[in-house]
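In what follows, chains carry the letters A, B, and so on, assigned in the order in which the sequence lines appear, proteins first and then strands, with residues in each chain numbered from 1.
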Number of protein chains: 2
Amino acid sequence: MRIAELSRTAGVPVPTIKYYLREGLLPAGELTSPNQARYGEVHERRLRLVRAMVEVGGMTIAAVRDVLAALDDPDKSLHKSMGTVEVAIAPVVPPTDDEVAQRQGEEFVARQGWQHRPNSPAFKALVRVLATAREIGHPEFAEELDEYARVGLTLGELDVAYVLRMPSKDEALEGVVVRSFLSDAAVAAVRRLARRELSARHSGEEDPGSRSDGADLEPGLEC
Amino acid sequence: MRIAELSRTAGVPVPTIKYYLREGLLPAGELTSPNQARYGEVHERRLRLVRAMVEVGGMTIAAVRDVLAALDDPDKSLHKSMGTVEVAIAPVVPPTDDEVAQRQGEEFVARQGWQHRPNSPAFKALVRVLATAREIGHPEFAEELDEYARVGLTLGELDVAYVLRMPSKDEALEGVVVRSFLSDAAVAAVRRLARRELSARHSGEEDPGSRSDGADLEPGLEC
DNA sequence: CAGAAATGGATAGTGCTACTGTCCGACAGT
DNA sequence: ACTGTCGGACAGTAGCACTATCCATTTCTG
């Protein structure tokens with residue numbers, strides 16, 4: 001397969017493929033002559049994965065590169081790779097100096113009996129959320145953390161079960177990566193649907209978007 | 001309060017405040033003379049909210065503007081405002097023409113007994129996730145949607161209960177906005193913590209970041 | 001009350017990211 | 001032979017979220 005065909009089957013423009021090759025997101029094709037290369041299924045699969053991470057996962061090119069590096073490292077345990085992936089997909093959050101939020105986070109983790117890893121992006125993100133809630137005048141938000149923990153554990157168990165179901169280590173590794181961004185996106189989407197549904201029920205209103213035609217709706221409100 | 005003090009108390013640079021004023025994210029200050037304005041608590045509170053949406057919620061300036069417009073519209077019902085907010089905070093996803101994914105999404109919504117709103121960003125996002133799962137060779141991902149729905153409903157009920165607890169409609173409206181991005185961030189963070197915890201337990205490994213000092217860890221692995 | 005500092009408003013510029021376009025000499029297909 | 005595509009290098013672009021500069025006023029400070 002040459003680059004044009006790869007572009008066609010994966011639906012990615014040729015210049016973008018060249019860019020990904022430059023950035024190390026795709027391995028170079030097999031050179032058949034100094035300026036002709038051949039690509040295979042591996043490239044196609046990898047290219048789809050990259051597009052999924054960028055488009056659905058909202059990841060940056062640098063994060064994708066880190067994740068793929070972890071995926072291609074044969075020496076790492078599943079657990080370690082998972083850690084690398086988590087670090088890579090974590091959004092960057094500016095740090096906070098709110099020690100109340102810090103304490104709330106620590107107490108939460110202790111209450112759950114979880115390992116306290118104060119430098120992990122996940123923990124920092126949690127503290128940042130708690131600090132923000134306080135800053136904008138919603139300190140009671142912290143009280144619901146334990147409910148969130150139950151939800152997080154449920155989702156986490158699904159992820160682990162999924163990965164353990166994989167027959168080979170390589171597939172399990174890819175499963176880790178895929179779950180890390182796909183299920184985040186899925187949860188976010190389902191959650192928005194559920195929120196809207198509950199809101200509609202509660203307000204007793206017919207939902208404006210429930211009619212499929214939407215012809216008589218002003219633009220911007222048809223959903 | 002003048003702009004310098006607003007900048008100091010909210011921790012936002014003066015040029016950024018000016019930028020937000022230009023973009024309509026902050027109402028103009030009360031003019032005391034043709035080129036002097038005064039800002040109050042309202043501005044400070046709003047400024048903190050904007051920063052929270054941008055930094056923690058990862059929202060774009062345009063999305064923030066839309067959300068604030070909904071928040072400031074006194075004629076809208078809570079439910080309608082919530083809809084506007086949901087649309088604004090939804091990430092942009094390229095559409096898909098995968099009719100299998102489309103059908104999976106529709107069946108899922110029907111199974112849950114939810115309203116089918118095929119044009120909502122949430123539904124489109126869900127279909128996109130299902131399509132992506134199939135594209136990258138993980139079609140069995142769709143089978144877990146119902147578990148996600150349970151989680152989504154749990155979280156949604158928390159959100160609704162929180163909003164209904166608010167004494168006034170204005171506060172409830174702000175509650176909607178705050179919940180829309182804060183709890184997304186909180187779920188994501190808690191979920192990452194839980195995933196790591198479960199992974200550590202399952203692998204039987206000591207988590208490399210569990211020690212607070214981290215002195216002997218190579219950089220990039222201390223979390 | 002004079003001079004330094006800050007202000008609101010306008011406009012231009014910056015840094016970053018993720019591409020996208022152009023050019024080139026070398027093949028490949030017909 | 002010749003038309004089209006190729007890989008590779010490099011420059012250019014679009015969009016976003018600021019950031020910097022300027023200027024004609026105020027406003028504070030000594």
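Nearest-nucleotide mapping onto DNA chain C: of A:Tyr19 and B:Leu21, the residue sitting toward the 5' end is B:Leu21. Comparing A:Thr32 and A:Arg51 by the nucleotide of DNA chain C whose heavy atom lies nearest to each, the residue mapping closer to the 5' end is A:Arg51.
At least one side-chain nitrogen or oxygen of B:Tyr39 sits closer than 4.0 Å to the OP1 or OP2 atom of C:dG8. For B:Arg2, a side-chain nitrogen or oxygen approaches OP1 or OP2 of D:dC28 to under 4.0 Å. Contact annotation: A:Thr16 side-chain N/O to C:dT20 OP1/OP2 distance is under 4.0 Å. In terms of phosphate contacts, B:Ser33 brings no side-chain nitrogen or oxygen within less than 4.0 Å of OP1 or OP2 of D:dT25. Within the 4.0 Å cut-off from OP1 or OP2 of D:dA24, not a single side-chain nitrogen or oxygen of B:Asn35 is found.
With respect to B:Arg191 and A:Asp159, a salt bridge is recorded, a charged nitrogen being found less than 4.0 Å from a carboxylate O. One finds a salt bridge joining B:Arg48 and B:Glu44 here, because a Lys/Arg side-chain nitrogen approaches an Asp/Glu carboxylate oxygen to under 4.0 Å. Between A:Arg195 and B:Glu86, at least one side-chain N (NZ, or NE/NH1/NH2) sits under 4.0 Å from a carboxylate O, which counts as a salt bridge.
Side-chain atoms of A:Arg8 and base atoms of D:dT5 include no donor and acceptor less than 3.5 Å apart.
Nearest nucleotide to the side chain of B:Gln36, out of D:dG7, D:dT27, C:dC19: D:dT27.
If you check every strand for non-hydrogen atoms under 4.0 Å, B:Arg22 touches a base. Counting any heavy atom pair closer than 4.0 Å across all strands shown, B:Val54 reaches sugar-phosphate atoms only and no base atom.
Separation of atoms CG (B:Leu68) and CD (B:Glu23) is listed at 12.5 Å; rounding is to 0.5 Å.
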